[in-house]
Amino acid sequence: MLNRRQLLGAGAAGATLVSSQAWGNTLNMGLPEAAQMDSAATAITPRPSSGVDYNPVVTLNGWTLPYRMNNGVKEFHLVAEPVERELADGMIAHLWGYNGQSTGPTIEAVEGDRVRIYVTNKLPENTSVHWHGLILPSGMDGVVGLSHPGIKPGKTFVYEFDLIKSGTFMYHPHADEMVQMAMGMMGMFVVHPKDPTFMPVDRDFLIMLNAFDIDPGTYVPRIMTMSDFNLWTWNSRIFPDIDPLVVNRGDKVRVRVGNLTMTNHPIHMHGYDFKVTCTDGGWVPESAQWPEVSIDIPVGAMRAYEFTADHLGDWAIHCHKSHHTMNAMGHDVPTFIGVNKEQLTKKIRSFQPDYMPMGTAGMGDMGEMTMELPDNTIPMMNGWGPHGPIEMGGMFSVVKVREGIEADNYEDPGWYDNPPGEQAYEWTGELPEFASNDSPKTILTPRPTQKG
Ligand SMILES: [Cu+2]
């Protein structure tokens, strides 16, 4: 029951990494080839075949930037450029990003590595790259005018530094930030520990929280928006087209979440409690890790959490701000709950026959409505599950824990079949009596009389 996107996803990703074949042929040239990605499918990176062993991260609907070794230095080539990103099946956004996509590719390296990162600017204005959270020389910090001059259109700059600590970091421009970040320029930078036995996990997922304001029927984000974004995305992707987090039962799992939106996001995962193990500042020692079921990701920060996947099932993972699990909508929709619009509907239909009254019983029925929408627009909520519409959009996905999933397999296993007795069901028998408070005043529960 895989759709085309899922078939193109995990496993088949090598086919979409354009020009990776030529990567080995560039060793004697000045610039490393700039790898390009033309697909929003999740690309699985194989474990390194030489050097320090590590378990590569899985960037949901993203990919990892290839590198080449040049006299002991890991060389990467980022290209800042306009891109077309598929936010969801049926919706393309015209963004700015890196190497063909927004968000940009994940950069992965190892503690102790020296990295050289070429940044070519194909945008119509200055840019730069700031390496958020990395400890490096101040001239490599990427703040235009402060660390170095802006990278002019058509020019290439080189950043070079040692990775002195492991952890999870981010990268983004520090040049015309309001515009460049609203247009989707950001990515994540993972530094694996040089000791492979330090906090190893079986599955290591990566999510960048970002947001856009794209009017229905249009393609380009509004860059002046400060808080009223209408598309809440993970790695520039919205539910129902964010890939699931596929996990084998018993796996030790890490989820790293970075936030480069303009507001905080309490990320909530169902079915588990977990421990917060890493911030942009570094790893949290075991004695200081605290348990949560939701973790608030502040603006300009990342948090990683870990859990052991003991509970089989399909578990929702989402931002807990309910407007962030919705796709584009008008913010001026009035509240109609409890309003009887029958007479009004008749009148409006006399001159607009296809008028649909909405919202009198909540907005849940939007999930199964098929309305005509402007081109390049997807419904506010439209994911379908095994039991009907999921009534979600935006920052939402599913953690799918199954038995017998092989180590490098991230293919969607379909929906979980709940065992008998483990699923809520409709009661059709006689109803037990239930207590009800019909007083408008607060009723205090009487205290039991104390004895003695
Ligand atoms: Cu949120």
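Counting starts at 1 for both ligands and their atoms, in listed order. In what follows, every heavy atom counts, from backbone to side chain, and hydrogens, waters and symmetry copies are set aside.
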Legend entry - H323 near the Cu ion (ligand 1): N/O/S under 2.8 Å: no
Legend entry - Pair Y118-F157, ring pair (Phe, Tyr, Trp, His ring centres under 6.0 Å): steps then yes or no: CA-CA 6 Å; Y118 297 86; F157 267 46; over 10 Å; no
Legend entry - Minimum heavy-atom distance between K194 and V110, given as atom pair plus value: CA-CG1, 3.8 Å
Legend entry - Presence of N, O or S from H265 under 2.8 Å of the Cu ion (ligand 1): yes
Legend entry - C319 SG and H324 ND1 subtending at the Cu ion (ligand 1) (10° steps): 130°
Donor-acceptor pairs under 3.5 angstrom involving side-chain atoms of residues 300-309: please list them, not counting sequence neighbours.
residue : atom : partner : partner atom : Å
E306    : OE2  : R254    : NE           : 2.9
E306    : OE2  : R254    : NH2          : 3.1
E306    : OE2  : T277    : OG1          : 2.9

Inset, instruction - With ring pair (Phe, Tyr, Trp, His ring centres under 6.0 Å) as the test, would you mind laying out the steps for W232 and H324 before giving the verdict? - result: CA-CA 6 Å; W232 300 95; H324 295 183; 3.7 Å; yes
